[in-house]
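Down below is the structure, laid out as structure tokens.
Excluded from the calculations below are hydrogen atoms, water molecules and symmetry mates; all remaining heavy atoms, backbone and side chain alike, are included. Because the structure is a prediction, the values reported are computed rather than measured.
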Amino acid sequence: MQLYFFISLTIFFTYGYSKTDVPLGYQLTLEVPFEYNVGFIGRAFLMENNETKPSFKVAMSVEDVSGKYSCSLQVFLGDVKVWSSGHYSKFYTSNLCVLELSHDGDLRLKGPKDRVGWRSGTSGQGVQRLQMLRTGNLVLVDALGSIKWQSFNFPTDVMLWGQRLSVASRLTSFPSNSTSYYSLEIEPSRIALYLNSGKWNYSYWEFKPTKNRNIAYIQLGPKGLELFSYNQKKIAQIHPSDENFRFQPMRFLALGNQTGNLRLYFYSPSMSKFDASFQALNTTCDLPLACKPYGVCTVSGTCSCIQLLMTENGTSTSTSTTASDCGQGISSRGFCKSGNKMKAEMLELKGVSSVLRGATKSFNVSKEACGNLCLEDCNCTAALYSSAKGCFVFGMVIGVKQVENKGSGLLSYMVKVPKGGHGGHGKSNLKKWVLILVGVVDGLIILLVFGGLGFYLVSKRRHSLSNGIATDSI
């Protein structure tokens with residue numbers, strides 16, 4: 001089957017796609033616009049499984065991604081994209097994009113001159129057709145119906161009802177305009193949300209089964225996210241806390257691209273849309289990228305920059321500013337330049353903590369020793385000292401939030417800054433203004449003294465002259 005068409009800006013093309021499978025030799029072609037259009041989305045639906053409401057649909061899409069056109073195979077639940085072949089690696093193309101289920105059983109996306117941009121890798125395995133199951137699982141099956149490839153084995157940022165993720169697998173999401181990404185990791189002792197940036201990865205939320213029971217896999221059931229042991233017994237479950245949502249079947253779990261929050265969604269027939277019945281983090285400041293690097297999320301939920309101005313007692317203050325880059329002049333200056341440690345010192349902020357976990361941790365050290373641990377490591381940018389929990393060192397200044405100390409012990413967040421670069425100018429300027437002020441005050445005092453003396457002498461002379469004239473008149 002060949003289908004050529006051109007789709008204008010943000011207009012979707014749909015044709016008869018009631019079939020739930022396509023055979024060997026199937027081919028669909030999308031023409032890519034010659035001129036670049038910002039926000040362009042061209043989409044053709046080729047399969048649908050309407051056993052659920054809303055239904056699952058399979059589409060081939062051409063989209064504008066950062067100034068180029070990306071082509072991918074996608075699965076939708078209603079209007080929600082729940083899987084994409086281009087989630088991890090984009091296939092950029094020009095002129096056209098072709099979806100093909102070859103006669104040897106390989107599902108492919110191709111560009112001009114038969115350049116392959118994505119493939120299932122099932123050539124020669126007896127594949128007979130591409131099929132959409134009622135669970136939203138896109139599968140390639142042989143003549144006996146055995147699955148040779150399935151989209152469930154390549155999770156993206158969404159987990160569907162009935163989908164299973166084993167230990168060491170994960171969901172990932174990629175916020176726009178950021179080099180960091182989020183992940184939901186399944187570990188033997190817990191499931192956890194992570195912020196990943198370069199070589200650094202820190203968790204910011206976790207859920208553990210009771211009694212230290214180990215996890216073999218997780219599965220999304222109708223009542224929530226279920227955790228199972230190696231003997232396939234359910235050992236824990238995450239479900240909506242609100243009774244109003246307890247009886248709403250879960251349809252999918254999603255890791256938010258922008259916030260990094262984890263949510264469970266159900267479908268509301270009356271509203272004809274998906275709503276979240278559970279979210280892992282309920283306040284803005286608990287999200288790792290609520291503020292930019294070197295920013296602080298305040299108790300009011302707004303962002304402030306860490307101000308590098310020292311007070312008289314040697315601690316810093318955080319004031320509300322709207323600087324676009326809170327770490328300007330700090331983060332851009334590496335402390336491992338040319339393998340040599342840059343001279344640095346620790347700037348202390350009280351009443352501030354971090355949402356990040358999993359940092360290098362040390363017990364039984366003082367606050368000063370905690371700061372020194374960071375100073376001695378050129379890759380360290382911040383340290384968190386807690387008299388109750390120990391010392392934590394971080395490789396990035398992110399996820400910082402203002403907290404209220406409720407008697408849980410001393411809490412101190414320390415940021416590494418270039419030595420003498422945080423308050424030296426402030427102090428010299430202060431001295432300068434003090435000297436100027438002292439000079440002005442001294443000048444005023446001298447002026448007042450001489451002015452008063454002059455006024456006294458003039459008044460006395462006038463008084464003497466006045467008395468002399470009166471005597472002569474008598």
Side-chain angles (χ1 to χ4, degrees), residues 1-49 56-77 79-123 127 129-132 136-140 148-151 153-158 172 174 176 257:
M1 176 181 179
Q2 289 274 4
L3 181 63
Y4 291 88
F5 54 89
F6 178 81
I7 311 171
S8 62
L9 183 64
T10 67
I11 294 180
F12 303 94
F13 180 89
T14 306
Y15 68 99
Y17 52 88
S18 59
K19 62 174 74 175
T20 58
D21 58 16
V22 296
L24 294 178
Y26 177 87
Q27 195 174 79
L28 175 65
T29 301
L30 266 71
E31 186 175 340
V32 177
F34 178 75
E35 294 184 355
Y36 176 69
N37 293 309
V38 177
F40 176 90
I41 302 176
R43 187 168 291 148
F45 293 95
L46 56 132
M47 288 193 298
E48 179 182 26
N49 188 309
F56 284 102
K57 293 173 285 187
V58 182
M60 181 182 175
S61 298
V62 172
E63 301 174 271
D64 155 42
V65 178
S66 303
K68 295 181 286 186
Y69 286 121
S70 170
C71 181
S72 60
L73 184 64
Q74 300 174 344
V75 177
F76 288 83
L77 175 57
D79 294 329
V80 179
K81 182 170 65 178
V82 295
W83 185 84
S84 173
S85 64
H87 181 71
Y88 284 104
S89 180
K90 306 293 184 187
F91 169 39
Y92 296 106
T93 187
S94 59
N95 300 326
L96 56 84
C97 186
V98 180
L99 172 68
E100 175 190 57
L101 180 55
S102 66
H103 288 284
D104 62 357
D106 199 23
L107 185 65
R108 304 167 182 163
L109 287 173
K110 301 189 301 182
K113 300 180 180 180
D114 287 335
R115 180 174 66 91
V116 177
W118 175 87
R119 71 194 322 157
S120 63
T122 51
S123 177
V127 168
R129 64 186 184 276
L130 175 68
Q131 190 172 21
M132 167 54 62
N137 193 10
L138 185 64
V139 299
L140 291 168
K148 298 299 181 179
W149 176 94
Q150 57 182 326
S151 60
N153 284 347
F154 301 90
T156 56
D157 55 354
V158 172
T172 54
F174 304 91
S176 58
N257 286 337

(message) Out of the candidates F34, Y36, Y92, only one should pair with Y69 under the ring pair (Phe, Tyr, Trp, His ring centres under 6.0 Å) rule; please name it.
(response) Y36

(request) Please round to the nearest 0.5 Å and tell me the distance separating atom CD of E63 and atom CZ of R43. (result) 5.0 Å

(request) Using modelled atom types only, decide if a donor and an acceptor are shared between the side chain of W83 and the backbone of F154 within a distance under 3.5 Å. (result) yes

(message) Applying side chain to side chain contact (heavy atoms under 4.5 Å, CB included) to E48 and F76, what does each step give before you reach the verdict?
(response) CA-CA 9 Å; E48 179 182 26; F76 288 83; over 6 Å; no

(request) Return the minimal non-hydrogen interatomic distance between S85 and L109, and the atom names on each side. (result) OG-CD1, 3.7 Å

(request) Supply the atom-to-atom distance R119 CZ to R108 CZ, rounded to the nearest 0.5 angstrom. (result) 5.0 Å

(message) Please determine whether side chain to side chain contact (heavy atoms under 4.5 Å, CB included) holds for the pair L138 and L73, giving the CA-CA distance in whole Å, both sets of side-chain angles, and the decisive distance to 0.1 Å.
(response) CA-CA 10 Å; L138 185 64; L73 184 64; 3.8 Å; yes

(message) Under the criterion side chain to side chain contact (heavy atoms under 4.5 Å, CB included), I'd like the reasoning laid out for L46 against Y26: C-alpha separation, chi angles, the key distance, then a yes or no.
(response) CA-CA 11 Å; L46 56 132; Y26 177 87; 3.4 Å; yes

(message) Under a 3.5 Å cutoff, is there a donor and acceptor pairing between the side chains of D104 and S123?
(response) yes

(message) Would the distance check show the side chain of H87 and the main-chain N or O of T172 forming a donor-acceptor pair, the cut-off being under 3.5 Å?
(response) yes

(message) Looking only at side-chain N and O atoms, does Q74 offer a donor or acceptor that is under 3.5 Å from a partner on S72?
(response) yes

(request) Mark yes or no for whether T156, through its side chain, and S84, through its backbone, hold a donor-acceptor pair below 3.5 Å. (result) no

(request) Could you tell me whether a side-chain N or O of T93 sits under 3.5 Å from a main-chain N or O of L96, the two making a donor and an acceptor? (result) yes

(request) Answer yes or no: is there a donor N or O on one side and an acceptor on the other, between the side chain of D21 and the main chain of L130, under 3.5 Å? (result) no

